[in-house]
Number of protein chains: 2
Amino acid sequence: MNDSIDGNSIIVPEVVVQRLPHYLNILSILQVEKTKIVSSEQLGYLAQITPAQIRKDLSYFGKFGKQGKGYSVNILVKRLREILGVNLQWEVCLIGVGRLGRALLSYPGFAPEGFNIIAAFDSDLKQIGQQIGKIKIKNIVEIEEFLQSSSIQIAIVAVPASVTKDILNQLYHSGIKAVLNYAPFTPLDHKDMIIRNIDPVASLQSLTYHLKENN
Amino acid sequence: MNDSIDGNSIIVPEVVVQRLPHYLNILSILQVEKTKIVSSEQLGYLAQITPAQIRKDLSYFGKFGKQGKGYSVNILVKRLREILGVNLQWEVCLIGVGRLGRALLSYPGFAPEGFNIIAAFDSDLKQIGQQIGKIKIKNIVEIEEFLQSSSIQIAIVAVPASVTKDILNQLYHSGIKAVLNYAPFTPLDHKDMIIRNIDPVASLQSLTYHLKENN
DNA sequence: ACGTGTGAACATGTTCACAGCA
DNA sequence: TGCTGTGAACATGTTCACACGT
C-alpha cells in the first residue's frame, strides 16, 4: 500500500511525521528499561495517543508488529531512527549569537542526538571573531559563501524578529533546506525550505486564552 | 452564531486559538507602521494563511471587519489582545533552574508581553537559596504550599525528562492550570491542565525526516 | 485468543463561492 | 464596487471494527 523500502509512493501526513519523535522518545525509555515487547495499547497509554492512531501512524512505514504479540521495542526503535534519519549525523549552523544563540550553542541536548553545531554567524562586530568553545563566530555576510562550500542543510535561527525575513531569504538562497526558527516570525513560504517555529510567547498566549475563559 | 460577548456558546477549535498569537504579532507590526486598515487578503499574505481562513478564524469571535473596506488594525489588535487575555498581567513560576531555566529567567521577551516570572524552584541544594535577579530559588518541596497561597496559574517547566512526570503531577495538585513544558516529555493528560511542549530536538528530528527523503 | 493492519465511518479543519452590506 | 462573514463542499485526520496471521 505504502512502502518504506522503495521510494515512498504514498505521502505521509505531516502530523504523523511530527508524532514519530515522540514515539521514539518513549520507546527509547522502554529500551533502557529492557522492555522487549510493547503493544499499541501500552505505547498509546504512555504516549497519550489512541492505540488505533499509533497502529495507523506506523502502518505508513511498514508492518513492524507481530499479530497477537505487539511490537519489538528494539526493532521499532531501530526502524524509527532510520525513518527519521536520526541514525545519521547532521551538521547545523547557528545564526545569531545573542543571549539565546549562546544558550543554544552550549545546549548539551543536540549533540547526543546527532545534531552538531559547527558554525555560528552574527552581524554584530563585537561578536564576530569571538571564540565560543570550538566555534569562532563568523560575519553573517560570509554565510552564503560558507554554506556553498559545505554540506550543511539545517540552520538554527535566533535573530531579532526585524531581520528574520532577510536571514531566511539569505539562507534559502544559500541552499539551506531546513530551519529551526526561534524568532517570532513572518515566514514567507519558500518552497523546498521547511521551517519549524519555536515561540514560547505565542505558546503562552494561546494558554492564557484558556485561563481567561474559565474565570 | 457564536459569540464573544456572552459566555461562549461555540467551542473554538484549538488550531484557531493557536493561530491568533501569530495574527496579533503581525497586526502589532502593522500598528507600529501606522497602517490603519488591513484586508484579509493583505493579512493573509503577511501571515502566509489563506484569506478565507483568516476571515473564518476571526468569525469565531465576532464581526470585526467592515464590508468593502477590511479590518481596522487598531480595533483588531485591541480585540485579539482581549480574546487572548494578553491585555492582562500573568504571574508565572519556573520549575528547574539549570542551564535552560536560568536562560529563561533572564529572557527579556516575557515581561513586555505580561508574563512575569515571580518565583523559581529547584531540588538541587546547591541552587536553593541562591538569588537570581529579584528571585530567590526555593526548594521544590515547598511548591504546593507556595502555590496554594498564590494566584499563579502558569508554570514553566525546565527539569530533566526523568522527573517531569512527577513535577507535572505536583503542579496539577497544586492547582496549576497551564504549563509551558521544555522537557522531552511524557505528559499523562490531566484534565483542566493544559500543556504546551517546546522540544527543539523533536522539531529537528521531524525536519531530518524530510531531508533524508530527498537524497 | 490476542493484537496488528486496514478499509470504511466519522470528525475536524480548510477552502469555495456568494449573499449582503458599506 | 470591494471585501466581509458564512453555509456548503471539500480535504485531511482520527477512530472504529474486524479480518487475518501467529
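In the text below, chain A, chain B and the rest are named by the order of the sequence lines, each starting its count at 1.
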A.B. asks: When you compare the side chains of A/Tyr172 and A/Asp192, does any donor N or O come within less than 3.5 Å of an acceptor on the partner?
C.D. replies: no
A.B. asks: Considering only nitrogen or oxygen atoms on both sides, find all protein atoms under 3.5 Å from nucleotides 18-20 of chain C and state each distance.
C.D. replies:
none

A.B. asks: Quick one: A/Glu41 CD to C/dC2 P, roughly how many Å, whole number?
C.D. replies: 13 Å
A.B. asks: In Å and rounded to the nearest 0.5 Å, what is the CD1 to CD distance from B/Ile195 to A/Gln48?
C.D. replies: 9.0 Å
A.B. asks: Take the protein atom CD1 of A/Ile49 and the nucleotide atom C1' of D/dT14, then report the distance between them rounded to whole Å.
C.D. replies: 11 Å
A.B. asks: Should the heavy atoms of other residues, nucleotides or ligands under 6.0 Å from CD of B/Glu145 be counted, would the total exceed 12?
C.D. replies: no
A.B. asks: Excluding sequence neighbours, so at least two apart, what forms salt bridge (Lys or Arg N to Asp or Glu O under 4.0 Å) with A/Glu91?
C.D. replies: none
A.B. asks: Atom CZ of B/Phe61 to atom P of D/dT4: distance rounded to whole Å?
C.D. replies: 17 Å
A.B. asks: Rounded off to whole Å, could you give me the CD1-to-P distance for the B/Ile75 and D/dT4 pair?
C.D. replies: 14 Å
A.B. asks: Which donor-acceptor pairs under 3.5 Å do the side chains of residues 162-171 of chain B make with protein atoms, sequence neighbours left out?
C.D. replies:
residue  : atom : partner  : partner atom : Å
B/Thr164 : OG1  : B/Pro160 : O            : 3.1
B/Thr164 : OG1  : B/Ala161 : O            : 3.1
B/Asn169 : OD1  : B/His190 : NE2          : 2.8

A.B. asks: State which of C/dT6, C/dT14, D/dT14 makes the closest approach to the side chain of B/Val15.
C.D. replies: C/dT14
A.B. asks: For the pair made of NZ in A/Lys63 and P in C/dG3, what is the distance, rounded to whole Å?
C.D. replies: 19 Å
A.B. asks: Might you work through the side chain to side chain donor-acceptor pair (under 3.5 Å) test for B/Gln205 and A/His22, ending with a clear yes or no?
C.D. replies: CA-CA 10 Å; B/Gln205 289 178 335; A/His22 183 202; over 6 Å; no
A.B. asks: Compute the bend angle of the helix from C/dA1-D/dT22 to C/dA22-D/dT1 from the end axes (five pairs per end), rounded to 10°.
C.D. replies: 0°
A.B. asks: Given atom CG of B/Asp57 and atom P of C/dT12, what is their separation to the nearest angstrom?
C.D. replies: 17 Å
A.B. asks: Could you walk me through whether B/Asp199 and B/Tyr182 satisfy the side chain to side chain donor-acceptor pair (under 3.5 Å) test, starting with their C-alpha distance in whole Å, then the side-chain angles of each, then the deciding distance to 0.1 Å, before giving a yes or no?
C.D. replies: CA-CA 6 Å; B/Asp199 186 344; B/Tyr182 280 83; over 6 Å; no
A.B. asks: Which residues in residues 20-39 of chain B have a heavy atom closer than 4.0 Å to any atom of DNA chain C?
C.D. replies: none
A.B. asks: How far apart are the closest heavy atoms of A/Ala158 and A/Leu104, and which atoms are they?
C.D. replies: CB-CD1, 4.2 Å
A.B. asks: Give me the one residue out of A/Ile83, A/Leu88, A/Ile154 that meets side-chain contact (heavy atoms from CB on, under 4.5 Å) with B/Thr208.
C.D. replies: A/Ile154
A.B. asks: What's the spacing between B/Tyr107 OH and B/Ile156 CD1 if we round to 0.5 Å?
C.D. replies: 10.5 Å
A.B. asks: Among D/dT15, D/dG5, C/dT4, which is the nearest nucleotide to the side chain of B/Ser59?
C.D. replies: D/dG5
A.B. asks: Where do B/Ala183 and B/Val159 come nearest, in terms of heavy atoms and distance?
C.D. replies: CB-O, 3.4 Å
A.B. asks: Would A/Ser28 and A/Gln31 count as having a side-chain donor-acceptor pair, cut-off 3.5 Å?
C.D. replies: no
A.B. asks: For the atom pair CD (A/Glu82) and CG (A/Asn87), what is the distance rounded to the nearest 0.5 Å?
C.D. replies: 6.0 Å
A.B. asks: Does C/dT14 have its OP1 or OP2 closer than 4.0 Å to a side-chain nitrogen or oxygen of B/Tyr60?
C.D. replies: no
A.B. asks: In whole Å, I'd like the distance from the CG atom of B/Leu76 to the P atom of D/dT4.
C.D. replies: 11 Å
A.B. asks: Does A/Thr50 put a side-chain nitrogen or oxygen below 4.0 Å from OP1 or OP2 of D/dT15?
C.D. replies: yes
A.B. asks: Output a table of nitrogen or oxygen pairs between the protein and nucleotides 8-11 of chain D separated by less than 3.5 Å.
C.D. replies:
none

A.B. asks: Rounded off to whole Å, could you give me the CD-to-P distance for the A/Gln18 and D/dT14 pair?
C.D. replies: 11 Å
A.B. asks: Any side-chain donor-acceptor pair under 3.5 Å between B/His173 and B/Gln148?
C.D. replies: no
A.B. asks: Which residue lies toward the 5' end of DNA chain D, A/Glu14 or A/Lys66, if each is placed at its nearest nucleotide?
C.D. replies: A/Glu14
